[in-house]
Number of protein chains: 2
Amino acid sequence: MAGKRLTLADVARAAGVSKMTASRALRNAGDVSRANIEKVQQAAREIGYIGNPIAMSLSNQRTNLVGVVVPSASNIVFAEVLAGITEALSDSGFQPVIGVTDYNIDREAETIRGMLSWRPAGLIVTGLDQPEPTRQLLEHAGLPVVQIMDVDGTPTDGCVGIAQTEAGTAMARALIAQGRRRIGYIGCDLAGDTRATKRRAGFEAALAAAGVSLVGTLVSEQPSSVVAGRKLTVEFLSRHDDIDCLYYSNDDIAVGGLFHCMDAGIPVPEQILLTGFNGLDLVQALPAQIATTHTPRHEIGLKAAQLILEAADQRSNRVDRMIELPTRIDITPGFPR
Amino acid sequence: MAGKRLTLADVARAAGVSKMTASRALRNAGDVSRANIEKVQQAAREIGYIGNPIAMSLSNQRTNLVGVVVPSASNIVFAEVLAGITEALSDSGFQPVIGVTDYNIDREAETIRGMLSWRPAGLIVTGLDQPEPTRQLLEHAGLPVVQIMDVDGTPTDGCVGIAQTEAGTAMARALIAQGRRRIGYIGCDLAGDTRATKRRAGFEAALAAAGVSLVGTLVSEQPSSVVAGRKLTVEFLSRHDDIDCLYYSNDDIAVGGLFHCMDAGIPVPEQILLTGFNGLDLVQALPAQIATTHTPRHEIGLKAAQLILEAADQRSNRVDRMIELPTRIDITPGFPR
DNA sequence: GCTGGTATCGATACCGGTACCGATATCTTG
DNA sequence: CAAGATATCGGTACCGGTATCGATACCAGC
């Protein structure tokens with residue numbers, strides 16, 4: 001039943017050695033005879049001792065925690081990034097601590113501050129475009145920081161992501177190559193989501209370079225979802241009916257758009273080519289083709305965590321690496337128009 | 001710039017008081033004059049002091065952490081539960097620490113053990129059916145534990161979820177009421193996912209009570225996804241063609257099934273009524289109707305976290321409450337057959 | 001036998017907070 | 001004015017580990 005938790009002193013007593021020797025024995029820290037190592041480990045096992053990471057952290061000024069800051073937990077994209085992070089950390093002895101900001105910069109600053117107070121072994125933060133005070137916070141944190149999702153800018157330390165602006169540009173070129181000219185944009189570009197904004201900027205720039213301008217734009221401040229995408233599409237089409245292509249800020253809303261088109265009898269992609277972003281699993285199974293840009297979400301999480309682990313391994317407080325992962329455009333030709 | 005981190009002693013020195021007085025002033029712990037409270041808080045603000053939760057935890061034997069153990073991070077269902085938990089915790093001063101088990105019971109035990117070593121303020125664990133050793137671990141953890149998703153069984157402490165078996169039963173009755181008789185089951189029932197198994201059991205039992213038995217069953221050990229659902233449906237239909245209804249273990253694979261039916265020209269729900277589980281946002285936007293059971297995923301997370309907060313608030317180490325949340329069947333009548 | 005080296009161990013001092021209790025000063029009260 | 005109450009402070013001992021360094025024992029070498 002136990003009263004209080006067992007401490008190292010209990011192990012030491014059970015093994016008939018000092019606390020110090022017990023500590024060294026359990027950590028394989030040397031300066032202990034083989035006989036005592038076994039005696040201590042045996043004793044620890046028998047009484048069911050579990051170390052106290054809090055005391056350990058206080059003592060040696062570092063933890064086995066990795067802070068992760070994402071804007072949304074329910075968005076499947078970040079969920080997959082988190083899965084990548086957890087996978088990389090799973091057998092390393094490190095534990096992720098997740099913070100969610102809801103795309104709110106104040107909450108982001110607060111979350112980061114809260115995490116730093118725990119002196120984690122490293123920090124993974126979404127995005128490159130924190131406001132200056134937050135950036136300072138990261139800069140002077142004195143621990144490895146990896147910013148993820150994005151490489152369009154200057155990271156404070158490490159960085160793993162994709163070229164967002166370039167992704168928008170590439171898709172614009174691909175759509176033009178498909179012969180599309182009357183293109184609309186529909187987005188759930190939350191204020192805090194600079195990635196979507198960058199893609200859109202790259203997209204519009206490339207269109208302009210080809211002498212094309214957007215027929216119309218519809219931007220919502222709601223979080224993206226299939227339902228939202230469907231509604232936005234209805235609204236957009238009620239304003240602009242002469243359209244041969246729609247660029248959505250992500251797959252979720254593009255899929256919503258597709259569902260509307262299917263119900264409305266609009267041939268996709270023949271009449272309207274729908275374009276999302278991310279390359280979600282879902283997209284491959286759809287009963288009609290939509291274009292998308294595949295992004296390595298899982299791998300972003302994986303790499304980011306690996307960078308932290310490497311830095312922690314060599315007791316460095318910097319990562320100082322920038323990793324750009326490739327994206328891939330997936331576009332099935334519609335009938336030529 | 002800074003050399004090392006600021007400590008309470010620095011604040012005390014700056015304010016011209018003792019460590020103890022500074023500590024009390026910052027916590028509003030009483031026994032401090034109004035003048036000193038302001039002097040200390042002013043000093044803390046000026047030098048930019050951030051408390052050290054590690055030292056604090058070691059000292060008063062409790063943390064502001066809430067451990068959360070889920071089987072999957074990328075599954076949207078758990079992502080939404082996590083969102084609910086983060087929401088409930090967001091302004092409470094508590095932080096969630098998330099652990100992912102990948103439906104592996106060994107990893108689950110290990111994860112829980114790791115979390116307990118941090119002495120969190122509480123623990124939220126997915127499922128009621130941990131193996132005995134793990135159950136013991138929770139039982140003797142000496143802190144509030146809430147098991148979530150499921151109320152079909154005996155919780156070790158608190159519990160927030162839905163009646164899974166009953167959900168299966170209810171859907172079976174609803175389908176029979178719709179006139180469906182030739183029913184098949186398609187599931188991604190991972191070994192560790194006892195919820196899906198319970199629903200299926202309830203479903204089959206209710207069918208049997210109505211004198212109906214499943215035409216066929218196809219179960220996969222892969223994680224569920226839209227793509228998987230589509231493939232499984234193709235396989236199922238190649239074996240059993242005389243079907244008027246399919247019960248899937250969740251919405252993801254049901255949607256995959258729908259997509260196949262749409263491509264294959266099978267009228268849904270007229271010829272085959274498709275039935276998922278969860279009531280995902282996605283389902284409302286589909287271009288064809290599928291039936292589903294709405295589950296309060298977000299609210300499960302919310303309530304679970306609230307229970308932990310309440311217990312932590314009154315320094316209790318138990319929750320001792322069982323909350324069953326309602327589900328709602330959403331079924332649009334197809335043409336009578 | 002004495003010296004220096006190596007292996008092994010434990011006492012002590014932290015890490016950065018908080019709980020507890022005693023000390024001091026001011027204020028009441030009879 | 002003595003005695004007790006109240007408000008406010010600080011010293012000290014923890015919480016449960018680890019780093020450091022000195023102590024001890026045993027060995028080889030001369």
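Only heavy atoms go into these numbers, but all of them, side chains included; no hydrogens, no water, no symmetry mates. In what follows, chains are A, B, ... by sequence order, proteins preceding strands, each numbered from 1.
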**Student:** Counting only side-chain heavy atoms from C-beta out, which of dT18(C), dG16(C), dG10(C) sits nearest to Ser23(B)?
**Tutor:** dT18(C)
**Student:** Closest approach to the side chain of Val17(A), judged atom by atom: which nucleotide of dG10(C), dG17(C), dG16(D) is it?
**Tutor:** dG10(C)
**Student:** Using a heavy-atom cut-off of 4.0 Å across all strands, would you classify Arg24(A) as base, sugar-phosphate, or nothing?
**Tutor:** base
**Student:** Would you say the side chain of Thr7(A) and the base of dG16(D) hold a donor-acceptor pair, judged only by whether the two atoms sit under 3.5 Å apart?
**Tutor:** no
**Student:** Nearest to the side chain of Ser33(A), heavy atoms from C-beta on, is which of dT18(C), dC9(C), dG17(D)?
**Tutor:** dC9(C)
**Student:** Taking atom types as they are modelled, would you say the side chain of Lys19(A) forms a donor-acceptor pair with the base of dG17(D) within the 3.5 Å cutoff?
**Tutor:** yes
**Student:** Nearest 0.5 Å, please: how far is CZ in Arg119(B) from CD1 in Ile50(A)?
**Tutor:** 9.5 Å
**Student:** Look at the side-chain N and O atoms of Gln61(B) and state whether any lies under 4.0 Å from the OP1 or OP2 oxygen of dT18(C).
**Tutor:** no
**Student:** Between dC9(D), dG11(D), dT20(D), which nucleotide has the shortest distance from any of its atoms to the side chain of Met20(A)?
**Tutor:** dT20(D)
**Student:** So, under a plain 3.5 Å distance rule, would you say the side chain of Ser18(B) forms a donor-acceptor pair with the base of dG10(D)?
**Tutor:** no
**Student:** Nearest 0.5 angstrom please: Ile54(A) CD1 to Ser59(A) OG, how far?
**Tutor:** 13.5 Å
**Student:** Side chain of Tyr49(B) only, heavy atoms from C-beta on: which candidate in dG17(C), dG16(D), dA11(C) is closest?
**Tutor:** dG17(C)
**Student:** Kindly indicate whether the side chain of Leu138(B), heavy atoms from C-beta on, has any atom under 4.5 Å from the side chain of Asp157(B).
**Tutor:** no
**Student:** On the nucleotide dC9(D), are OP1 or OP2 found under 4.0 Å from the side-chain N or O atoms that Asn36(B) carries?
**Tutor:** yes
**Student:** Choose from dC15(C), dT12(D), dA19(D) the nucleotide whose nearest atom is closest to any side-chain atom of Leu58(A).
**Tutor:** dC15(C)
**Student:** What is the nucleic acid contact for Asp31(A), judged by heavy atoms within less than 4.0 Å: base, sugar-phosphate only, or nothing?
**Tutor:** base
